[in-house]
Amino acid sequence: MEALVELGRGVFALRYRFYDQQVGVVVGDDGVAVIDTRSSHRQAQEIQRDLKRITPLPVTVVVNTHGHYDHAFGNRVFRPAPIWGHRRCVTMLEGTGEAQRTTFMAERPDLADDVTAVVIDPPDRTMDADATIDVGGRGLELRYLGRGHTDNDIVVRVPDAGVLFAGDLLENGAPPYFGDAFPMDWPDTVQRLASLVEGAVVPGHGDVGDAAFVAAQLVDLRRIARLAQEVHGGQLGLDDALARAPFPAASAREPLERALAQLRGDMPAA
Ligand SMILES: [Zn+2]
(Lines give C-alpha, C1' and ligand atoms only; values in the text may rest on other atoms or scores of the structure.)
Protein backbone atom coordinates (compact mmCIF):
# COMPACT_ATOMS: atom_id res chain seq x y z
CA MET A 1 0.00 0.00 0.00
CA GLU A 2 1.26 3.40 -0.99
CA ALA A 3 -0.93 5.54 1.27
CA LEU A 4 -3.86 5.31 3.63
CA VAL A 5 -6.14 8.29 4.23
CA GLU A 6 -9.07 8.46 6.65
CA LEU A 7 -11.63 10.69 4.95
CA GLY A 8 -14.28 10.50 7.66
CA ARG A 9 -14.93 8.34 10.70
CA GLY A 10 -14.07 4.81 9.59
CA VAL A 11 -13.95 5.72 5.89
CA PHE A 12 -10.63 5.12 4.18
CA ALA A 13 -9.01 5.39 0.78
CA LEU A 14 -6.23 2.83 0.29
CA ARG A 15 -3.95 3.89 -2.51
CA TYR A 16 -1.82 1.45 -4.47
CA ARG A 17 1.08 2.24 -6.74
CA PHE A 18 -0.12 -0.34 -9.30
CA TYR A 19 -2.28 1.71 -11.69
CA ASP A 20 -2.28 4.43 -9.01
CA GLN A 21 -5.51 2.85 -7.82
CA GLN A 22 -7.80 3.77 -4.93
CA VAL A 23 -9.65 1.10 -2.96
CA GLY A 24 -12.41 2.21 -0.58
CA VAL A 25 -12.95 0.85 2.91
CA VAL A 26 -15.88 1.59 5.22
CA VAL A 27 -15.76 0.22 8.75
CA GLY A 28 -19.04 -0.44 10.54
CA ASP A 29 -19.73 -1.72 14.05
CA ASP A 30 -19.19 -5.39 13.23
CA GLY A 31 -18.13 -5.57 9.61
CA VAL A 32 -16.25 -3.88 6.81
CA ALA A 33 -17.09 -2.93 3.23
CA VAL A 34 -14.43 -2.98 0.51
CA ILE A 35 -15.02 -0.95 -2.64
CA ASP A 36 -13.20 -2.53 -5.61
CA THR A 37 -10.91 -5.54 -5.37
CA ARG A 38 -7.97 -4.84 -7.75
CA SER A 39 -6.54 -6.98 -10.56
CA SER A 40 -5.68 -10.37 -9.10
CA HIS A 41 -6.05 -12.60 -6.07
CA ARG A 42 -2.55 -11.60 -4.98
CA GLN A 43 -3.46 -7.92 -5.11
CA ALA A 44 -6.71 -8.58 -3.21
CA GLN A 45 -4.75 -10.44 -0.54
CA GLU A 46 -2.61 -7.32 -0.20
CA ILE A 47 -5.84 -5.40 0.55
CA GLN A 48 -6.69 -8.00 3.19
CA ARG A 49 -3.27 -7.56 4.80
CA ASP A 50 -3.55 -3.78 4.73
CA LEU A 51 -7.01 -3.95 6.32
CA LYS A 52 -5.44 -5.52 9.40
CA ARG A 53 -3.73 -2.18 10.03
CA ILE A 54 -7.18 -0.53 10.17
CA THR A 55 -9.48 -3.00 11.87
CA PRO A 56 -9.73 -6.60 13.09
CA LEU A 57 -13.30 -6.83 11.74
CA PRO A 58 -14.13 -9.10 8.80
CA VAL A 59 -15.08 -7.94 5.31
CA THR A 60 -18.83 -8.50 5.20
CA VAL A 61 -19.66 -6.81 1.89
CA VAL A 62 -17.86 -5.89 -1.34
CA VAL A 63 -18.83 -3.42 -4.06
CA ASN A 64 -17.55 -3.37 -7.64
CA THR A 65 -17.87 0.14 -9.08
CA HIS A 66 -17.84 -1.42 -12.58
CA GLY A 67 -16.78 -4.53 -14.46
CA HIS A 68 -13.18 -3.75 -15.35
CA TYR A 69 -10.56 -6.26 -14.28
CA ASP A 70 -8.64 -3.84 -12.08
CA HIS A 71 -11.81 -3.32 -10.00
CA ALA A 72 -13.18 -6.87 -9.92
CA PHE A 73 -10.56 -9.58 -10.53
CA GLY A 74 -9.80 -9.77 -6.80
CA ASN A 75 -13.44 -10.58 -5.93
CA ARG A 76 -12.93 -14.27 -5.25
CA VAL A 77 -10.62 -13.59 -2.31
CA PHE A 78 -13.42 -11.89 -0.35
CA ARG A 79 -15.96 -14.71 -0.63
CA PRO A 80 -18.24 -15.70 0.97
CA ALA A 81 -19.00 -11.97 1.37
CA PRO A 82 -21.79 -10.78 -0.92
CA ILE A 83 -20.55 -8.71 -3.85
CA TRP A 84 -22.63 -5.85 -5.18
CA GLY A 85 -22.57 -4.31 -8.62
CA HIS A 86 -24.77 -3.02 -11.40
CA ARG A 87 -26.65 -5.70 -13.31
CA ARG A 88 -24.54 -4.90 -16.39
CA CYS A 89 -21.34 -5.22 -14.35
CA VAL A 90 -22.19 -8.93 -14.23
CA THR A 91 -22.90 -8.89 -17.97
CA MET A 92 -19.55 -7.21 -18.61
CA LEU A 93 -17.52 -9.65 -16.50
CA GLU A 94 -19.33 -12.68 -17.92
CA GLY A 95 -19.14 -11.42 -21.49
CA THR A 96 -15.71 -9.79 -21.60
CA GLY A 97 -13.87 -11.06 -18.53
CA GLU A 98 -11.75 -13.56 -20.48
CA ALA A 99 -10.95 -10.95 -23.13
CA GLN A 100 -9.96 -8.55 -20.36
CA ARG A 101 -7.70 -11.25 -18.90
CA THR A 102 -6.03 -11.69 -22.31
CA THR A 103 -5.49 -7.95 -22.74
CA PHE A 104 -4.14 -7.58 -19.22
CA MET A 105 -1.71 -10.49 -19.72
CA ALA A 106 -0.45 -9.01 -22.96
CA GLU A 107 0.18 -5.71 -21.17
CA ARG A 108 1.80 -7.27 -18.14
CA PRO A 109 3.46 -10.59 -19.08
CA ASP A 110 5.44 -10.32 -15.84
CA LEU A 111 2.16 -10.95 -13.97
CA ALA A 112 1.03 -13.88 -16.14
CA ASP A 113 0.92 -16.39 -13.28
CA ASP A 114 -1.20 -14.11 -11.10
CA VAL A 115 -3.54 -13.24 -13.94
CA THR A 116 -3.95 -16.87 -14.98
CA ALA A 117 -4.86 -17.78 -11.41
CA VAL A 118 -7.78 -15.32 -11.26
CA VAL A 119 -11.20 -16.93 -10.89
CA ILE A 120 -13.57 -14.38 -12.36
CA ASP A 121 -16.36 -14.08 -9.81
CA PRO A 122 -18.97 -11.45 -10.79
CA PRO A 123 -21.28 -9.73 -8.30
CA ASP A 124 -24.11 -11.87 -6.92
CA ARG A 125 -26.12 -8.87 -5.64
CA THR A 126 -27.20 -6.56 -8.41
CA MET A 127 -29.05 -3.30 -8.89
CA ASP A 128 -30.32 -1.19 -11.76
CA ALA A 129 -30.70 2.27 -10.22
CA ASP A 130 -30.24 2.53 -6.47
CA ALA A 131 -29.57 0.29 -3.51
CA THR A 132 -28.83 0.88 0.15
CA ILE A 133 -26.65 -1.71 1.79
CA ASP A 134 -25.72 -2.26 5.40
CA VAL A 135 -22.16 -2.47 6.58
CA GLY A 136 -22.11 -3.28 10.27
CA GLY A 137 -24.99 -0.92 11.06
CA ARG A 138 -23.95 1.80 8.62
CA GLY A 139 -25.88 2.53 5.44
CA LEU A 140 -24.04 2.83 2.14
CA GLU A 141 -25.88 4.20 -0.90
CA LEU A 142 -25.11 2.70 -4.28
CA ARG A 143 -26.27 4.88 -7.16
CA TYR A 144 -26.29 4.34 -10.91
CA LEU A 145 -26.21 7.79 -12.50
CA GLY A 146 -26.10 6.93 -16.20
CA ARG A 147 -23.54 5.67 -18.69
CA GLY A 148 -20.06 7.09 -18.72
CA HIS A 149 -16.75 5.28 -18.34
CA THR A 150 -18.76 2.08 -19.01
CA ASP A 151 -22.44 1.20 -19.13
CA ASN A 152 -22.34 -0.06 -15.53
CA ASP A 153 -20.58 2.51 -13.36
CA ILE A 154 -21.99 3.02 -9.89
CA VAL A 155 -20.93 5.45 -7.18
CA VAL A 156 -20.90 4.70 -3.46
CA ARG A 157 -22.01 7.38 -1.06
CA VAL A 158 -21.30 7.24 2.67
CA PRO A 159 -24.00 9.62 3.92
CA ASP A 160 -22.88 9.76 7.56
CA ALA A 161 -19.36 10.83 6.51
CA GLY A 162 -20.06 12.91 3.41
CA VAL A 163 -17.68 10.83 1.27
CA LEU A 164 -18.29 9.74 -2.31
CA PHE A 165 -16.46 6.90 -4.07
CA ALA A 166 -16.73 7.64 -7.79
CA GLY A 167 -15.03 4.65 -9.43
CA ASP A 168 -13.61 5.44 -12.84
CA LEU A 169 -16.27 8.03 -13.66
CA LEU A 170 -13.48 10.25 -12.36
CA GLU A 171 -9.76 9.88 -12.73
CA ASN A 172 -7.24 12.27 -11.25
CA GLY A 173 -3.87 13.01 -12.80
CA ALA A 174 -4.31 11.04 -16.02
CA PRO A 175 -6.83 11.13 -18.89
CA PRO A 176 -9.83 8.91 -18.14
CA TYR A 177 -10.00 5.58 -20.02
CA PHE A 178 -12.56 5.67 -22.83
CA GLY A 179 -12.15 2.15 -24.26
CA ASP A 180 -15.64 1.08 -23.12
CA ALA A 181 -17.03 4.58 -22.64
CA PHE A 182 -20.13 6.44 -23.76
CA PRO A 183 -18.61 9.90 -24.19
CA MET A 184 -21.88 11.60 -25.15
CA ASP A 185 -23.54 10.42 -21.92
CA TRP A 186 -20.56 10.80 -19.61
CA PRO A 187 -20.86 14.58 -18.95
CA ASP A 188 -24.49 14.39 -17.79
CA THR A 189 -23.62 11.43 -15.58
CA VAL A 190 -20.82 13.40 -13.92
CA GLN A 191 -23.17 16.39 -13.58
CA ARG A 192 -25.47 14.16 -11.54
CA LEU A 193 -22.46 12.89 -9.59
CA ALA A 194 -21.47 16.49 -8.80
CA SER A 195 -24.82 17.03 -7.09
CA LEU A 196 -23.93 14.25 -4.61
CA VAL A 197 -20.59 15.74 -3.59
CA GLU A 198 -20.45 16.96 0.00
CA GLY A 199 -16.73 16.69 0.72
CA ALA A 200 -14.11 14.20 -0.37
CA VAL A 201 -14.51 12.47 -3.74
CA VAL A 202 -12.42 9.37 -4.34
CA PRO A 203 -11.65 8.68 -8.01
CA GLY A 204 -10.84 5.20 -9.27
CA HIS A 205 -7.26 6.29 -9.85
CA GLY A 206 -5.21 9.23 -8.57
CA ASP A 207 -5.52 11.77 -5.77
CA VAL A 208 -8.63 12.17 -3.66
CA GLY A 209 -10.46 15.27 -4.87
CA ASP A 210 -13.31 17.63 -4.08
CA ALA A 211 -16.11 19.50 -5.83
CA ALA A 212 -13.60 21.63 -7.79
CA PHE A 213 -11.88 18.53 -9.13
CA VAL A 214 -15.24 17.15 -10.27
CA ALA A 215 -16.10 20.47 -11.96
CA ALA A 216 -12.77 20.49 -13.81
CA GLN A 217 -13.23 16.95 -15.07
CA LEU A 218 -16.76 17.83 -16.16
CA VAL A 219 -15.37 20.69 -18.29
CA ASP A 220 -13.04 18.24 -20.06
CA LEU A 221 -15.79 15.69 -20.65
CA ARG A 222 -18.17 18.35 -22.01
CA ARG A 223 -15.42 19.59 -24.30
CA ILE A 224 -14.98 16.12 -25.83
CA ALA A 225 -18.73 15.82 -26.41
CA ARG A 226 -18.92 19.30 -27.96
CA LEU A 227 -15.92 18.71 -30.25
CA ALA A 228 -17.46 15.44 -31.42
CA GLN A 229 -20.74 17.24 -32.16
CA GLU A 230 -18.86 19.80 -34.26
CA VAL A 231 -17.04 17.08 -36.18
CA HIS A 232 -20.27 15.16 -36.66
CA GLY A 233 -22.00 18.35 -37.86
CA GLY A 234 -19.23 19.05 -40.38
CA GLN A 235 -18.02 22.29 -38.71
CA LEU A 236 -14.69 20.83 -37.63
CA GLY A 237 -12.21 18.26 -38.97
CA LEU A 238 -11.16 15.36 -36.78
CA ASP A 239 -7.54 16.55 -36.69
CA ASP A 240 -8.60 20.01 -35.51
CA ALA A 241 -10.79 18.42 -32.88
CA LEU A 242 -7.86 16.29 -31.70
CA ALA A 243 -5.73 19.43 -31.43
CA ARG A 244 -8.39 21.16 -29.33
CA ALA A 245 -9.14 18.20 -27.10
CA PRO A 246 -8.38 18.53 -23.39
CA PHE A 247 -6.16 15.42 -23.50
CA PRO A 248 -2.89 14.73 -25.35
CA ALA A 249 -3.54 13.64 -28.94
CA ALA A 250 -2.64 10.02 -28.19
CA SER A 251 -5.36 9.91 -25.52
CA ALA A 252 -7.92 12.04 -27.36
CA ARG A 253 -8.56 9.88 -30.43
CA GLU A 254 -10.45 7.11 -28.67
CA PRO A 255 -12.86 9.47 -26.82
CA LEU A 256 -13.63 11.39 -30.00
CA GLU A 257 -14.05 8.27 -32.10
CA ARG A 258 -16.37 6.66 -29.59
CA ALA A 259 -18.34 9.92 -29.27
CA LEU A 260 -18.68 10.04 -33.05
CA ALA A 261 -19.81 6.42 -33.12
CA GLN A 262 -22.50 7.33 -30.60
CA LEU A 263 -23.59 10.32 -32.71
CA ARG A 264 -23.79 8.12 -35.82
CA GLY A 265 -25.98 5.67 -33.93
CA ASP A 266 -23.36 2.92 -34.09
CA MET A 267 -23.54 2.24 -30.37
CA PRO A 268 -26.56 1.02 -28.41
CA ALA A 269 -28.98 3.71 -27.24
CA ALA A 270 -29.12 4.22 -23.48
ZN1 LIG B 1 -12.38 1.18 -15.42
Side-chain angles (χ1 to χ4, degrees), residues 13-24 34-40 43-44 47 62-75 83-108 111 115 118 120-123 126-127 142-156 164-187 189-190 193 201-209 213-214 217-218 220-221 224 247 251-255 257-259 262 267:
L14 278 59
R15 189 166 180 175
Y16 292 93
R17 196 183 300 268
F18 188 88
Y19 290 172
D20 196 10
Q21 188 161 13
Q22 297 278 12
V23 168
V34 168
I35 301 162
D36 289 337
T37 62
R38 307 184 70 208
S39 302
S40 67
Q43 290 190 357
I47 299 173
V62 169
V63 180
N64 290 153
T65 58
H66 61 293
H68 277 154
Y69 67 89
D70 51 327
H71 299 258
F73 270 18
N75 282 0
I83 299 179
W84 280 86
H86 192 274
R87 185 172 46 84
R88 287 191 297 269
C89 174
V90 177
T91 311
M92 181 177 234
L93 284 165
E94 288 178 349
T96 74
E98 289 305 330
Q100 292 192 55
R101 188 203 300 270
T102 303
T103 305
F104 181 26
M105 280 229 278
E107 268 170 30
R108 293 300 301 261
L111 300 178
V115 182
V118 170
I120 298 173
D121 191 351
T126 63
M127 50 172 284
L142 314 186
R143 303 281 301 269
Y144 173 74
L145 303 171
R147 301 190 301 188
H149 170 71
T150 66
D151 67 0
N152 60 89
D153 305 285
I154 59 173
V155 301
V156 182
L164 189 68
F165 291 93
D168 286 359
L169 286 171
L170 300 173
E171 198 163 329
N172 208 348
Y177 175 65
F178 280 79
D180 295 309
F182 293 83
M184 299 309 297
D185 299 333
W186 199 339
T189 301
V190 169
L193 184 158
V201 183
V202 185
H205 305 266
D207 286 340
V208 174
F213 154 63
V214 177
Q217 180 129 354
L218 184 54
D220 289 352
L221 292 167
I224 289 289
F247 312 125
S251 309
R253 187 170 292 276
E254 189 164 58
E257 285 181 347
R258 283 189 68 93
Q262 269 199 278
M267 279 158 68

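Numbering of ligands and ligand atoms starts at 1, following listing order. Values below: all heavy atoms of this structure, side chains included; hydrogens, waters and symmetry mates excluded. One is the number of the first residue; the rest follow in order along the sequence. The shown structure was predicted, so the numbers you read here are calculated from the model rather than taken from an experiment.
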What pair of heavy atoms forms the shortest contact from Arg147 to Thr189, and how long is it?
-> O-OG1, 2.6 Å
Compare every heavy atom of Leu169 with every heavy atom of Trp186, then report the nearest pair and how far apart it is.
-> NE1-O, 3.1 Å
Is the backbone N or O of Gly206 less than 3.5 Å from a side-chain atom of Asn172, with the two atoms forming a donor-acceptor pair by type?
-> no
With a cut-off of 2.8 Å, which protein N/O/S atoms are close to the Zn ion (ligand 1), if we only count those under it?
-> His66 NE2, His68 ND1, His149 NE2, Asp168 OD2
Would you say the side-chain atoms of His66 and Asp180 include a donor-acceptor pair closer than 3.5 Å?
-> no
Measure the spacing between CZ of Arg38 and CD1 of Ile47 and express it to the nearest 0.5 Å.
-> 5.5 Å
Please round to the nearest 0.5 Å and tell me the distance separating atom CD of Gln21 and atom CZ of Arg15.
-> 11.5 Å
